[in-house]
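The structure appears right after this line, and notes come after that.
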Amino acid sequence: MFDLKDLYQEVIVDHNRSPRNFGKLDDADYRAEGFNPLCGDRLNLYLKMDDDRIQDISFDGSGCAISVASASLMTEALKGKTRDEAEKVFHEFHDLVMDKKQGDMESLEHLGKLAALLGVKEYPARVKCATLCWHTMHSALEGYTTPVTTE
Ligand code: ZN
């Protein structure tokens, strides 16, 4: 039988094992650093903009499977998006993972593979692992220079 949970699990394992867009962007326009002291996840996020559009996005650092898979999935989802579109995905994902909003089929479809991370809702401590990269991305886009921490 088709099991959504297994599929989601597979996506996370795959993105943790071979993260997409991993590595430094030397000609990045924005850079931000994120740290989740609760788990020890650390990441750097790099953004290269073409006007208002994210032309390239990458990350490096080290952390648990959830934080790495989340960053990998995020970079995949945001490449080519405009600033506004990226913020929209951020809020949609954030509201669902923080349980501020019930996920319906439409929002899950919107999120695509990012929906794989929604399982962390059951584990409040892991939510920070999954959202760290998003807060870091947000801060990078805003051009903040102080490191992001989840505390
Ligand atoms: Zn973590």
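We count ligands from 1, going down the list as the structure has it; atoms in each ligand are counted the same way.
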#### Entry: Side chain Asn36, main chain Leu38, donor-acceptor under 3.5 Å
yes
### Flag, side chain of Asp41 to backbone of Cys64, donor-acceptor distance under 3.5 Å
yes
### Query
For Thr82, does its backbone N or O pair with a side-chain atom of Glu85 as donor and acceptor, under 3.5 Å?
yes
Which donor-acceptor pairs under 3.5 Å do the side chains of residues 42-50 make with protein atoms, sequence neighbours left out?
| residue | atom | partner | partner atom | Å |
| --- | --- | --- | --- | --- |
| Asn44 | OD1 | Arg31 | NH2 | 3.2 |
| Asn44 | ND2 | Asp60 | OD1 | 3.1 |
| Tyr46 | OH | Asp60 | OD1 | 3.3 |
| Tyr46 | OH | Asp60 | OD2 | 3.3 |

### Message
Does anything in residues 73-115 form a ring pair (Phe, Tyr, Trp, His ring centres under 6.0 Å)? List the pairs, not counting sequence neighbours.
### Response
Phe90-His94, Phe90-His135, Phe90-His138, Phe93-Trp134, His94-His135
### Task
Keeping waters out of it, list the protein N, O or S atoms under 2.8 Å from the Zn ion (ligand 1).
Cys39 SG, Asp41 OD1, Asp41 OD2, Cys64 SG, Cys129 SG
## Note on the structure
Residue set satisfying side chain to side chain contact (heavy atoms under 4.5 Å, CB included) with Lys79, at least two apart, ordered chain then number -> Asn21, Asp56, Ile57
